[in-house]
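First the structure, in the form of structure tokens, and then the observations on it.
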Amino acid sequence: MRKESYRYPKSIQEHRFAILLPCGTTLSEQKYPETLYDIYFYHSLPETVQTLDETKYHMAIILDKGSSASHTLLSSINNAYSAGITAIQLHHTIAPIATRKLKRQAIHEGITQSLFSQGCVQMGLSSAFSGTDVALEIKWLRRNMKSKQSNLEERLLQQNIFIEYLSYASVCSPTGRIPSHFITIRKALTTLPQAILYGQWSYVNRLIQCFIPSWKGLLIITTSLAVVTTSYNPLASAKWWMLLLALLFTLSMAFPDELVRDKKRRRNLKFLKT
């Protein structure tokens, strides 16, 4: 699995952005002309979206509470938008990782992004979409976000709008992100045949994910089946052990690079001090 997204070529044209931040959040200095972006603070995101002038901006960037963006965030989004991308999921990391709980959250979030964002995009399907730390074309956003109940991911997929994932356009915060909307299994069952009929393959992929246990659940189930089957039929258990090894290999490939680099850095610092 390729860990980094495709880097779009530098664009000659520079677009205008509206950056939406929760009250009390600040944006780090950007390597982008200050005259080409404005910052709006919101209490109610849908209300703020509806006040934006769609003739003034090309895209809206929605960040969540406590977000800290990379200095090249706007440049990266601008390059992707110039290439025709109108919906972008940004890469999210947890920092600083001060507790074991935060470390577990960072590992879970990193693996999930590798599998369902980076992995899906590499297969030609839309990335998973969290609803925050995203960039969307302003005209589309104003027409589709009317209230807090508006499921933007579902509307993008139903309209066959490709959701890109930029692993190098990073946003970090002290806590993990929780998706703003979920699709129930009941709705997935009723919607899946229609999505297949209309050829909405990214939507089909998202609906199928509703029936699949999380990677943690798969790991527990596969391990349990391998151990139990070994106790009464070692020969039949071989397939479960092979499946478990394949799952572990996939998870190791999806493990967040930033956590690996951080561990190596701390190990090197410890070695230098000795």
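Atoms considered below: every heavy atom in the structure, side chains included; atoms not considered: hydrogens, waters and symmetry mates.
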Nearest non-hydrogen partners of [X] and [Y], listed with the distance:
X: C120; Y: Q209; value: SG-NE2, 3.9 Å
X: L90; Y: Q113; value: O-OE1, 4.1 Å
X: I183; Y: A188; value: CG2-N, 4.2 Å
X: K216; Y: H108; value: CE-ND1, 3.6 Å
X: I185; Y: C210; value: CG1-O, 3.8 Å
X: Q30; Y: H71; value: OE1-O, 3.2 Å

Under a 4.5 Å cut-off applied to non-hydrogen side-chain atoms, are [X] and [Y] in contact?
X: D38; Y: K56; answer: yes
X: F162; Y: E164; answer: yes
X: F116; Y: R206; answer: no
X: L248; Y: L219; answer: yes
X: L157; Y: V204; answer: no
X: K101; Y: R104; answer: yes
X: T112; Y: W215; answer: yes
X: T93; Y: V171; answer: no

Give a yes or no on whether [X] and [Y] share a hydrophobic cluster (residues Ile, Leu, Val, Met, Phe, Trp, Tyr; joining criterion: side-chain heavy atoms under 4.5 Å apart).
X: V227; Y: M242; answer: no
X: M123; Y: I111; answer: yes
X: F41; Y: L63; answer: yes
X: L52; Y: I62; answer: yes
X: L243; Y: L251; answer: no

Looking at [X], I want to see if its [atom1] is surrounded by more than 12 non-hydrogen atoms of other residues, nucleotides or ligands under 6.0 Å.
X: K148; atom1: NZ; value: no
X: F211; atom1: CZ; value: yes
X: W240; atom1: CH2; value: no

Taking [Y]'s backbone N and O only, do any of them form a donor-acceptor pair with [X]'s side chain (distance below 3.5 Å, no angle check)?
X: S117; Y: S114; value: no
X: S202; Y: S126; value: yes
X: Q200; Y: Q158; value: yes
X: S231; Y: V228; value: yes
X: S130; Y: T132; value: yes
X: T99; Y: L102; value: yes
X: N78; Y: H15; value: yes
X: S150; Y: S147; value: yes
X: T48; Y: Y42; value: no

Atom [atom1] in [X], atom [atom2] in [Y]: separation rounded to 0.5 Å?
X: T86; Y: H58; atom1: OG1; atom2: NE2; result: 13.0 Å
X: L73; Y: S28; atom1: CG; atom2: OG; result: 8.0 Å
X: D64; Y: L21; atom1: CG; atom2: CG; result: 10.0 Å
X: L166; Y: D133; atom1: CG; atom2: CG; result: 12.5 Å
X: L225; Y: L244; atom1: CG; atom2: CG; result: 10.0 Å
X: I85; Y: N79; atom1: CD1; atom2: CG; result: 12.0 Å

**Request:** Going by the side-chain contact (heavy atoms from CB on, under 4.5 Å) test, name the single residue among L74, L20, L27, V134 that passes it with I61.
**Result:** L74
**Request:** Run through R155, Q149, E153 and flag the one making a side-chain contact (heavy atoms from CB on, under 4.5 Å) with N151.
**Result:** E153
**Message:** Is there a side-chain contact (heavy atoms from CB on, under 4.5 Å) between I138 and V49? Walk through the geometry before answering.
**Reply:** CA-CA 8 Å; I138 192 77; V49 166; 5.8 Å; no
**Request:** Check step by step if side-chain hydrogen bond (donor to acceptor under 3.5 Å, both in side chains) holds for T230 and S237.
**Result:** CA-CA 5 Å; T230 302; S237 69; 3.2 Å; yes
**Request:** Describe, in one word, how the ring planes of Y32 and F17 are oriented to each other, choosing from parallel (under 30°), tilted (30 to 60°) and perpendicular (over 60°).
**Result:** tilted
**Item:** Close aromatic pair by centroid cut-off 6.0 Å: Y198 and Y203
**Value:**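 Not close enough - the centres of the two rings lie 6.0 Å or further apart.
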**Request:** Decide yes or no on salt bridge (Lys or Arg N to Asp or Glu O under 4.0 Å) for K187 and E154, but give the supporting numbers first.
**Result:** CA-CA 12 Å; K187 184 172 184 179; E154 195 169 16; 3.0 Å; yes
**Request:** Run the numbers on E109 and H92 for side-chain hydrogen bond (donor to acceptor under 3.5 Å, both in side chains), then give the verdict.
**Result:** CA-CA 8 Å; E109 191 171 85; H92 180 262; 2.4 Å; yes
**Message:** What I want to check is whether the side chains of Q159 and N144 have a donor and an acceptor closer together than 3.5 Å.
**Reply:**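 On atom types as modelled, these side chains qualify, holding a pair under 3.5 Å.
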**Request:** Go through F129 and L136 one step at a time and tell me if the side-chain contact (heavy atoms from CB on, under 4.5 Å) criterion holds.
**Result:** CA-CA 11 Å; F129 191 83; L136 292 163; 4.0 Å; yes
**Message:** side-chain contact (heavy atoms from CB on, under 4.5 Å), that's the test. Do S76 and Y168 meet it? Break it down for me.
**Reply:** CA-CA 8 Å; S76 300; Y168 51 86; 3.7 Å; yes
**Item:** Candidate pair K139 and E54, rule salt bridge (Lys or Arg N to Asp or Glu O under 4.0 Å), full reasoning
**Value:** CA-CA 6 Å; K139 292 180 180 180; E54 63 182 52; 5.3 Å; no
**Request:** Evaluate side-chain contact (heavy atoms from CB on, under 4.5 Å) for I163 paired with L125, printing each intermediate quantity in order.
**Result:** CA-CA 8 Å; I163 305 171; L125 301 171; over 6 Å; no
**Request:** Taking the six-membered ring of Y37 (Phe, Tyr or Trp), confirm whether the NZ or CZ of R16 is under 6.0 Å from its centre and within 45° of its axis.
**Result:** no
**Message:** Among Q118, H91, Q122, Q89, exactly one meets side chain to side chain donor-acceptor pair (under 3.5 Å) together with Y165. Which residue is that?
**Reply:** H91
